[in-house]
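Beneath this line is the structure, given in structure tokens, with notes to follow.
A, B, ... follow the sequence lines: proteins, then strands. Residue 1 opens every chain. Note that the coordinates shown come from a computational prediction; the quantities given were computed from them, not determined experimentally.
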2 protein chains.
Amino acid sequence: MPAEAKVSTKVNKPAKVEARAAIPASPPLTERQEARRRRILHASAQLASRGGFDAVQMREVAESSQVALGTLYRYFPSKIHLLVATMQDQLEHMHGTLRKKPPQGETAAERVAETLMRAFRALQREPHLADAMVRALTFADRSVSPEVDQVSRQTTAIILDAMGLENPTPEQLSAVRVIEHTWHSALITWLSGRASIAQVKIDIETVCRLIDLTAPPSDRP
Amino acid sequence: MPAEAKVSTKVNKPAKVEARAAIPASPPLTERQEARRRRILHASAQLASRGGFDAVQMREVAESSQVALGTLYRYFPSKIHLLVATMQDQLEHMHGTLRKKPPQGETAAERVAETLMRAFRALQREPHLADAMVRALTFADRSVSPEVDQVSRQTTAIILDAMGLENPTPEQLSAVRVIEHTWHSALITWLSGRASIAQVKIDIETVCRLIDLTAPPSDRP
DNA sequence: CGCTAATCTAGAACAAGTTCCAGACTTGAT
DNA sequence: ATCAAGTCTGGAACTTGTTCTAGATTAGCG
């Protein structure tokens, strides 16, 4: 009965909307829909790379990706949703890249710091894109929680990878949480010009010390 | 030659504006101007307390504070500036309150954690206000850097107060920076419903352990 | 093939932040 | 008291995110 599979279910909430999870669950998209989605994300990243958050204008994204404005909103119910999805997309790349060349450090703390600094350098290459994604991430309200959570999980996975742990203790998970907090907030201070790259480095290295602090049993093989 | 002292100097930047420092420097305001400023901040906090960030609408703020829209924008060049100024205002209160009853903990880490949790509980009493202020703070771009920096300095002061240190070492200052990062980011996750109050507590306590880690010489009297 | 339900498109319409403007009002200096 | 310069006001206008609508298209099914 349907045509192209439903993209998302809209509800008439007074002010905000909800979204479709970016996880490969949900109704599967047809090929053309998948293509549209890709075009949109590409346009989003492209525009963001130019002028950051402000340069990602929904009408422009729609035009660039050859899609009607209404369609854009069907795929991504708000600008924030779009940018968070863009971030998910970029994060996947990043995780893939990082996997290939695991960090070299001796201790878990060193490896995590190294990994985050590597990611940081990647962001420095596209500071505007970083701006758009991070601002969206921290500005997101409850209606974007699932997507933001997904980003958070992905980040956690990257950090745990760097630590090289199978069964992290609750304490270590707490440390990872704090590291993520620091990572996000440090990025923001850098993006808004209130902290230098060197300062971000120090902050990351500082917080990574928490890992040593929470590694009681065996850390070295 | 002038009338009421100039409030701020506007420049025709393509998209953004700049602001007057909230620090008691800059051209001093006349009494009526001070009163206007106060009315505006009050209206802002009031509206924020109701519906959070979205409820602070510039037209409403202007009306509530009996000021023309153009005047509101002369005092606070953007909604973000206004909310950050509102935060400065609230932080001063908070710092005063905290000064009166210093934290009881034995170690510096305990005292800082206690202080932050106290602040957190205060925010819980006005979650919408907290939402508006914190969202503005993290969404602020470069044009608001001076004001955001001021907020950051104030927060640092509160934490250092709690630590009870006169001459913090660079290491300790790094720890304080990381604590601030964690504080802001943890607040965001709480406000957006992605972390529970208990989780925030754990994160704060976890990061505060960094203080012990960076207190080499003498910590106990 | 022909249907039917859902999707997509183009474009208007609405909302809130921000900018502009002309005229009334204040202020400090002469 | 008068004047010049800067402020404040009310309101229109512009921008960009978001919503809505009517009609054209598409996908899968009988």
>> Once you apply a heavy-atom cut-off of 4.0 Å, does A/E60 come out as touching a base, just sugar-phosphate, or nothing?
In response: nothing

> What is the distance from CZ of A/F139 to C1' of D/dT16, rounded to the nearest Å?
Replying inline: 14 Å

> Pairs in or reaching into residues 80-103 of chain B: which pass salt bridge (Lys or Arg N to Asp or Glu O under 4.0 Å), with residues at least two apart or in two chains?
Replying inline: B/R38-B/D89, B/R99-B/D161

Where do N or O atoms of nucleotides 13-16 of chain C meet protein N or O atoms at under 3.5 Å, pair by pair?
{"residue": "C/dA16", "atom": "OP1", "partner": "B/Q57", "partner atom": "NE2", "Å": "3.1"}
{"residue": "C/dA16", "atom": "N7", "partner": "B/R59", "partner atom": "NH2", "Å": "3.4"}

>> Under 4.0 Å from OP1 or OP2 of D/dC8: is there any side-chain N or O of B/Y73 that close?
In response: no

> Can a side chain N or O of A/T30 be found less than 4.0 Å away from OP1 or OP2 on D/dA27?
Replying inline: no

> B/R121: what forms a side chain to side chain contact (heavy atoms under 4.5 Å, CB included) with it, not counting sequence neighbours?
Replying inline: B/M117, B/R118, B/Q124, B/R125

> With B/E180, which residues qualify under salt bridge (charged side-chain N to carboxylate O under 4.0 Å, His left out), at least two apart?
Replying inline: none

>> How many whole angstroms separate atom CZ of A/R37 from atom P of C/dC8?
In response: 13 Å

>> Going by salt bridge (Lys or Arg N to Asp or Glu O under 4.0 Å), name the pairs with one or both residues in residues 78-88 of chain B, residues two or more places apart or in two chains.
In response: none

>> Could you tell me how far apart B/L72 (CG) and D/dG11 (C1') are, to the nearest whole angstrom?
In response: 15 Å

> Can you check the A/E34 CD to C/dT7 P distance for me, whole Å?
Replying inline: 16 Å

Where do N or O atoms of nucleotides 21-25 of chain D meet protein N or O atoms at under 3.5 Å, pair by pair?
none

> Which whole-number value in Å describes the distance from A/L82 CG to D/dT16 P?
Replying inline: 16 Å

> Between A/R194 and A/S192, is any side-chain donor less than 3.5 angstrom from a side-chain acceptor?
Replying inline: yes

>> Working note: B/E205 + B/K201, criterion salt bridge (Lys or Arg N to Asp or Glu O under 4.0 Å); need CA distance, chi angles, decisive distance, verdict.
In response: CA-CA 6 Å; B/E205 285 164 354; B/K201 183 157 190 272; 3.3 Å; yes

> When all nucleic acid strands are considered with a 4.0 Å heavy-atom cut-off, which category describes B/Q66: base, sugar-phosphate, or nothing?
Replying inline: sugar-phosphate

> Roughly how many Å is it from CD in A/Q33 to C1' in C/dT9, rounded to a whole number?
Replying inline: 15 Å

> Which pair of non-hydrogen atoms, one from B/G52 and one from B/A132, has the smallest distance, and what is that distance?
Replying inline: C-CB, 3.8 Å

> Roughly, in whole Å, what's the span from CZ in A/F76 to C1' in D/dT18?
Replying inline: 16 Å

> Does A/R36 reach the main-chain N or O of A/Q66 with its side chain, forming a donor-acceptor pair under 3.5 Å?
Replying inline: no

> Does the side chain of A/E147 come within less than 4.5 Å of A/H81's, by heavy atoms?
Replying inline: yes

>> Quick check for you: among C/dT19, C/dA10, D/dC8, whose closest atom lies nearest to any side-chain atom of B/R36?
In response: D/dC8

> What is the distance, rounded to the nearest whole Å, between atom CZ of B/R74 and atom P of C/dT26?
Replying inline: 16 Å

